[in-house]
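By convention in this document, chain letters (A, B, ...) are assigned in the order of the sequence lines, proteins followed by strands, and residues within each chain are numbered from 1. The structure presented is a predicted model; accordingly, all values stated were derived computationally and were not measured.
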Amino acid sequence: MAEQYDHESIEKKWQERWRESAAFKTTEDPKKPKTYVLDMFPYPSGEGLHVGHPKGYIATDIYSRYKRAQGHNVLHPMGWDAFGLPAENFAIKNKIHPRAAVEKNIANFKSQLSHIGFDYDWSREINTTDPEYYKWTQWIFLQLYKKGLAYQSNEPINWCPSCMTGLANEDLDGNVCERCGSVVEKRALPQWVLKITEYADRMLNDLSLLQWPEHIKEAQRNWIGRSEGAEITFTLTDGGSLTVFTTRPDTLFGATYMVIAPEHALVEKYADAAVRTYVESIKNKTELERTAEGKEKTGVLLPGVKALNPATKQEIPIYIADYVLGSYGTGAIMAVPAHDERDYEFAKTFNLPVVQVVVPCAPDAINPPKEGLEEVKRDTVIVHLRDKSTGKYALLDWHGSLEGITTVIMGGVEEGQTPEDAALAEIKEEAALDASIVSSVRWITAARYCASHKNQNRCAHTWGFLAEVESIEKQGAISEKEQGLHTLVWVDEKEVASRLTPAHQKQVWYLLHHDEALSGPGYLINSGEFDGLDSEEAKKKITGSVGGKAVVQYKLRDWVFSRQRYWGEPIPIVHCPKDGAVAVPEDQLPVLLPEVESYEPSGTGESPLANIAEWVNTTCPQCGGPAKRETNTMPQWAGSSWYYLRFMDPHNNSALVGKDKEKYWAPVDVYVGGDHAVRHLIYARFWHKFLYDIGVVTTVEPFARLEFLGFILAEDGRKMSKRYGNIINPDDVVAQYGADAFRVYEMFMGPFENTVAWSTASIKGTERFIERLWRAKELVQEDPVEALEVELHRTIKKVGEDIEAFKFNTAVSQMMVFLNALESAKGIGKEQWQNYLTVLAPYAPHIAHELAEHHGLDISQWPTYDPSKLTSALVTVAVQVNGKSRTTIELAPDAPEAEAIALAKVAAAKWIGEGEPKKIIYVQGRVINVVV
RNA sequence: GCCGAGAUGGCGGAACUGGUAUACGCGCGACACUUAAAAUGUCGUGAGCCUUACAGCUCAUGUGGGUUCGAUUCCCACUCUCGGCACCA
């Protein structure tokens, strides 16, 4: 009777041993290669950890232990991000001090983590609310201030009426506070703002240096939202001017009106009663209501003034509409309804003129223009013909060299013909029917192709129509010449799009049914001297011709950095009546957060700190006269924007991080996290680049590689939440199944980046795996078991490669495969066992160490695999006949082709049948395909 | 709407560079051990057809096409799901 594996006492034994021997204490060692592996540090909430949290921590722990076994010097720290609203709100609700709440929560988190067996160097633990830590957060702020990157502003900001504090744009979900769900208001308050926009381009460009998942990089790009365009100034009829930002200066000739934001300065000057009513209604509407109304465009004419389109010299009206944002660009646009979807919507609602100035034009994929040939422009028509009696549409299936091509009825517009005439004439010619025009495509479209019979390239400048016949009863005879070229076919409406071959004709069909603006590029029309130019080229030329200038705009706004709350880093500034805002001298840092009785928000827009006279009243560091401290605090993101640097040198009193230590450890080699990663990464990259500029760090990016973490859902498929009562506490799981089974299960659940629901049934599988491992120790013998060699070397290879690639699930699978083989072999050599336990140890460290100790084995060195041992003496080769697998044969992996084929022919004789195979394909060691 | 990722058994998922689809695990079924149950072990397990059996056949990787001796993998079109952004001119 084999003894049961007692995970409780064995795991405890090893955890104690690691703790007591400080096994994972890390010091700089120039002789060893370094690896810095980091999790996004947790926010110690009152709810404690659920089983989703440790998933990332297990991954970094495996990576860290693996790298240690490879001889790397590994930095794998843990700390706490503990300032911010949730802690403060929690404290208010429970009537305790936030500091006490944080301490309690941290203790709880630490206890939960301690049972899972992580290899953290706890001597480097940091806490963002520790004055020794936030001293340096304040120091960074001062450096930003000194470089002019922190400034005061009185612009209206987002105010959350429930949290009673200002928020950055990034803290919102649409127009709702992401913390509490209240709808935010606009409030003008004195704010500290950081010039993150200064770094927008560098943050965008340096993404190319990073080994990050594409979707995270893309989210960063979206967030930065760079767009290149031009600023163009329109003169007004009152002698003034109005400047707009546009990315499409090429469409200037199509600008038939202008729109300014309700906040625009010009509004005041000309506002009449209607304008005021509109602007008021916008203010009173929450953004929620505005979104609920969808994309319905609203607006009102600005009376008494018009603008002059600098290209057409025509007077155009100016509207006020909320679809133009005051905070982007110049708060004003030139509206080009033909080429902008929003302007088009607005123009339709307000009956404004629409002028097409760009013709979309793509080269035909089947018959592209040939280089070197001259291009001739031809006016053409494309006409869809519907048989009213059947609802079917006419198409032409072409013959001869155009076999396989299907088009619609089309042709040229001859001298003296209108496009409508031409369309009807083509129908007469190709379908022998008298039809009438029902509708037409609003836009001219075009395609470039090569007319090889004429040896010229053509650009078909095309009008599109829909025509109709009552029925085809009156159809005449189609000429023999036309019959020879193509056959007229009638197809269902649904089929038309898929039957048409040329992309251009598909586009015309689409536009016949969709009334949309043309937002793509093309060549210019209705644009005077610029007609015929490519739109890309026209951008520069038109901008130049009207004295505009090229500019770059970003969606990214400067970072509103003040919070009117207690629980955050005080902003180290003193306001002096004489000297204005004065930086607190660095030797006076940290500016300590005062101990107070009442830290509840005042709601007045002033921080609770404002009420503490003895703290607020101070002397000016410059003139020595009386002055007041800045009472706003920093947002939660501040402390987490640089913490990865402090882990390198957590107890340094004279610098944020020592130069040598930074040089040794930076950058973070692997950074693991998920969820709200976008903002944190933007802010941290911004600060890091700033610190690079002032010489504090030596790398341009903080996180070389990022692995995105998929979440764990509750067993019911919903998010784990107190609200649903479906939280699973890792403490309970560890108590029941053991830390190793827990660790292996979380890695085995699926690909690391996948979101998967927890399954109590499935964790039993990894529990069995651990139990079977335990029993396998009875099978250990002195001599190696030959039959296990191949699988062992494969396992060493696969587990190592999979850890590098964060493909933990397949590594676990391979370790299970090996254990299966071991059980079948009914024995394993000591050295083989040692190698196996070594690769197992990062996943299941407790049992691996226990088993290793049992046989006196050293599992601290990662084994190397022998490539020559990855394949066995015989391989199974599939035999296919006509691509279908029929049977298999056994072969030496390097068997000569002739031998393989001979064997295959015999094995598959009954499928091959009589006669010689047409062809035989042999893929070494894999497959033989006999084609008969 | 735009951008990104994805769709494989009852479930989580695997598959090198285009080469035996369904590894590994869960679940399920049968059997063994047991007075019994749990635990454990052994065997089986994509669907359908055919056969007493051995064997054999057909169909299956979201849908429809294409390239190829051969496609989960490459190409084209489409459907759906998830994530991010969302009137950014």
Side-chain angles (χ1 to χ4, degrees), chain A residues 1-2 4 174 213-223 225-227 229 244-248 251 259 261 290-291 294-297 321-325 327-336 339-343 345-346 365 497-498 506 516 519 553-557 674 677-678 708 710 744-745 748-751 753-766 768-769 771-772 775 807 809-817 819-820 823 876-888 910-911 917-932:
Chain A
M1 184 68 198
Q4 271 250 253
E214 194 46 48
H215 70 277
I216 302 275
K217 286 193 189 184
E218 194 56 34
Q220 299 262 303
R221 284 186 207 110
N222 283 342
W223 205 275
R226 182 182 200 274
S227 54
V244 301
F245 171 72
T246 177
T247 56
R248 295 294 304 272
T251 63
V259 185
R290 271 162 69 172
T291 338
K295 291 205 169 27
E296 282 292 300
K297 294 287 179 289
D322 67 346
Y323 82 92
V324 170
L325 308 175
S327 57
Y328 184 79
T330 62
I333 62 158
M334 63 178 213
V336 185
H339 303 290
D340 182 280
E341 203 48 57
R342 296 150 301 179
D343 296 345
E345 289 287 319
F346 190 85
S498 57
K506 287 187 186 183
E516 286 176 7
S519 53
Q553 282 288 337
Y554 301 93
K555 280 201 262 182
L556 185 71
R557 304 266 74 106
V678 182
F708 189 80
V744 173
Y745 173 62
F748 188 56
M749 286 175 84
E753 66 281 4
N754 276 22
T755 293
V756 182
W758 181 265
S759 162
T760 304
S762 292
I763 196 175
K764 292 193 176 123
T766 51
R768 275 176 211 152
F769 173 65
E771 294 282 351
R772 283 163 59 205
R775 272 177 266 136
K807 287 159 74 176
N809 57 329
T810 49
V812 172
S813 152
Q814 181 59 38
M815 291 190 283
M816 288 174 169
V817 167
L819 183 61
N820 291 346
E823 287 173 345
T876 307
V877 174
V879 181
Q880 302 181 336
V881 179
N882 289 339
K884 283 192 176 175
S885 295
R886 292 300 181 185
T887 185
T888 59
K910 69 181 195 187
W911 291 280
K918 279 193 202 136
K919 193 172 170 187
I920 299 179
I921 293 123
Y922 176 47
V923 181
Q924 188 93 56
R926 292 212 174 268
V927 72
I928 297 170
N929 191 7
V930 183
V931 187
V932 295

Asker: For rG9(B), decide between syn and anti, treating a glycosidic angle within 90° of 0 as syn.
Answerer: syn
Asker: Who are the side chain to side chain donor-acceptor pair (under 3.5 Å) partners of Arg772(A), not counting sequence neighbours?
Answerer: Asn820(A), Glu823(A)
Asker: For the residue pair Trp758(A) and Tyr745(A), does the interplanar ring angle fall in the parallel (under 30°), tilted (30 to 60°) or perpendicular (over 60°) class?
Answerer: perpendicular
Asker: Applying side-chain contact (heavy atoms from CB on, under 4.5 Å) to Glu341(A) and Glu516(A), what does each step give before you reach the verdict?
Answerer: CA-CA 7 Å; Glu341(A) 203 48 57; Glu516(A) 286 176 7; 3.7 Å; yes
Asker: Mapping Ser759(A) and Ser227(A) to their closest nucleotides on RNA chain B, which lands nearer the 5' end?
Answerer: Ser759(A)
Asker: Rounded to the nearest angstrom, tell me the gap between atom CZ in Phe769(A) and atom C1' in rG25(B).
Answerer: 11 Å
Asker: Look at the side chain of Arg557(A) and the backbone N and O of Ser327(A), then say whether any donor-acceptor pair between them is shorter than 3.5 Å.
Answerer: yes
Asker: Distance check, C1' atoms only: rA23(B) and rA14(B), in whole angstrom units.
Answerer: 5 Å
Asker: Measure from the side-chain N and O atoms of Thr251(A) to the backbone N and O of Arg248(A), and report whether any donor-acceptor pair falls under 3.5 Å.
Answerer: yes
Asker: So, does Tyr328(A) get its side chain near the phosphate of rA89(B), meaning an N or O under 4.0 Å from OP1 or OP2?
Answerer: yes
Asker: Rounded to the Å, how far apart are Asn882(A) CG and rG70(B) P?
Answerer: 8 Å
Asker: Could you pull out the closest heavy-atom pair between Gly329(A) and Phe245(A), with the gap in Å?
Answerer: CA-CB, 4.2 Å
Asker: One thing to verify: whether Arg221(A) and Glu214(A) come together as a salt bridge, which I'm taking to mean a side-chain N less than 4.0 angstrom from a carboxylate O.
Answerer: yes
Asker: With Lys297(A) as the cation and Phe346(A) as the aromatic partner, state whether NZ or CZ is under 6.0 Å from the six-membered ring centre and within 45° of the axis.
Answerer: no
Asker: Atom CD of Glu753(A) to atom C1' of rA7(B): distance rounded to whole Å?
Answerer: 15 Å
Asker: How many Å lie between CZ on Phe346(A) and P on rA89(B), as a whole number?
Answerer: 19 Å
Asker: C1' atom, rC59(B) versus rU8(B): distance in rounded Å?
Answerer: 15 Å
Asker: Can you measure Lys297(A) atom NZ to rC87(B) atom C1' for me and round it to whole angstrom units?
Answerer: 5 Å
Asker: Give me the distance, rounded to whole Å, that separates rC33(B) from rA38(B) when you measure between the P atoms they each carry.
Answerer: 15 Å
Asker: May I ask you to say what Asp343(A) touches in the nucleic acid, namely base, sugar-phosphate or nothing, with a heavy-atom cut-off under 4.0 Å?
Answerer: nothing
Asker: Within a radius of less than 6.0 Å around NZ of Lys807(A), do more than 12 heavy atoms belonging to other residues, nucleotides or ligands occur?
Answerer: no
Asker: Stepwise, does the side-chain contact (heavy atoms from CB on, under 4.5 Å) test hold for Gln220(A) with Glu218(A)?
Answerer: CA-CA 5 Å; Gln220(A) 299 262 303; Glu218(A) 194 56 34; over 6 Å; no
Asker: Looking only at heavy atoms, what is the nearest atom pair of Ser227(A) and Tyr328(A), with distance?
Answerer: OG-OH, 3.0 Å
Asker: Provide, to the nearest angstrom, the distance between the CD atom belonging to Glu218(A) and the P atom belonging to rA5(B).
Answerer: 9 Å
Asker: For the C1' atoms, the ones on rG18(B) and on rG10(B), what distance do you get once it is rounded to whole angstrom?
Answerer: 31 Å
Asker: If you measure from the C1' atom in rC43(B) to the same atom in rA36(B), how many Å do you get, rounded?
Answerer: 24 Å
Asker: Could you go through residues 918-932 of chain A and list every donor-acceptor pair under 3.5 Å that involves a side-chain atom there, pairing it with any protein atom two or more places apart or in another chain?
Answerer:
from	atom 1	to	atom 2	distance (Å)
Gln924(A)	NE2	Pro893(A)	O	3.1
Gln924(A)	NE2	Ala895(A)	O	3.3
Asn929(A)	OD1	Gly883(A)	N	3.0

Asker: Distance check, P atoms only: rG25(B) and rU45(B), in whole angstrom units.
Answerer: 14 Å
Asker: Which listed nucleotide (rA89(B), rC24(B), rC85(B)) is nearest to the side chain of Leu325(A)?
Answerer: rA89(B)
Asker: Between rG4(B) atom C1' and Glu214(A) atom CD, what is the distance in whole Å?
Answerer: 8 Å
Asker: Grab the N/O contacts between the protein and nucleotides 55-58 of chain B below 3.5 Å, and write none if there aren't any.
Answerer:
from	atom 1	to	atom 2	distance (Å)
rC57(B)	OP1	Arg886(A)	NH1	2.9
rC57(B)	OP1	Trp911(A)	NE1	2.4
rU58(B)	OP2	Arg886(A)	NH1	3.3

Asker: What's the gap between rC75(B) and rU67(B) when it is taken at their C1' atoms, as a whole Å value?
Answerer: 7 Å
Asker: Report the secondary structure of RNA chain B in dot-bracket form, marking unpaired bases with a dot and bases paired to a different strand with |, and treating Watson-Crick or G-U pairs with both distances under 3.5 Å as paired.
Answerer: (((((((..(((......[....)))((((((.......))))))((((......))))..(((((..]....))))))))))))....
Asker: What N/O pairs connect the protein and nucleotides 41-49 of chain B at under 3.5 Å? Give each pair on its own line.
Answerer:
none

Asker: Can you list the steps and then say if His215(A) with Phe708(A) is a side-chain contact (heavy atoms from CB on, under 4.5 Å)?
Answerer: CA-CA 10 Å; His215(A) 70 277; Phe708(A) 189 80; 3.8 Å; yes
Asker: Under the side-chain contact (heavy atoms from CB on, under 4.5 Å) rule, what do Phe769(A) and Met815(A) come out as? Steps first, then yes or no, please.
Answerer: CA-CA 10 Å; Phe769(A) 173 65; Met815(A) 291 190 283; 4.2 Å; yes
Asker: Sub-3.5 Å donor-acceptor pair from the side chain of Ser759(A) to the main-chain atoms of Ser762(A), do we have one?
Answerer: yes
Asker: What's the gap between rG13(B) and rA7(B) when it is taken at their P atoms, as a whole Å value?
Answerer: 10 Å
Asker: I need a per-nucleotide contact map over nucleotides 10-20 of chain B, read 5' to 3'. Cutoff is protein heavy atoms under 4.0 Å; write B for the base, S for backbone only, - otherwise.
Answerer: --BSS-B--BB
Asker: Glu345(A) CD to rG1(B) P: how many Å, rounded?
Answerer: 13 Å
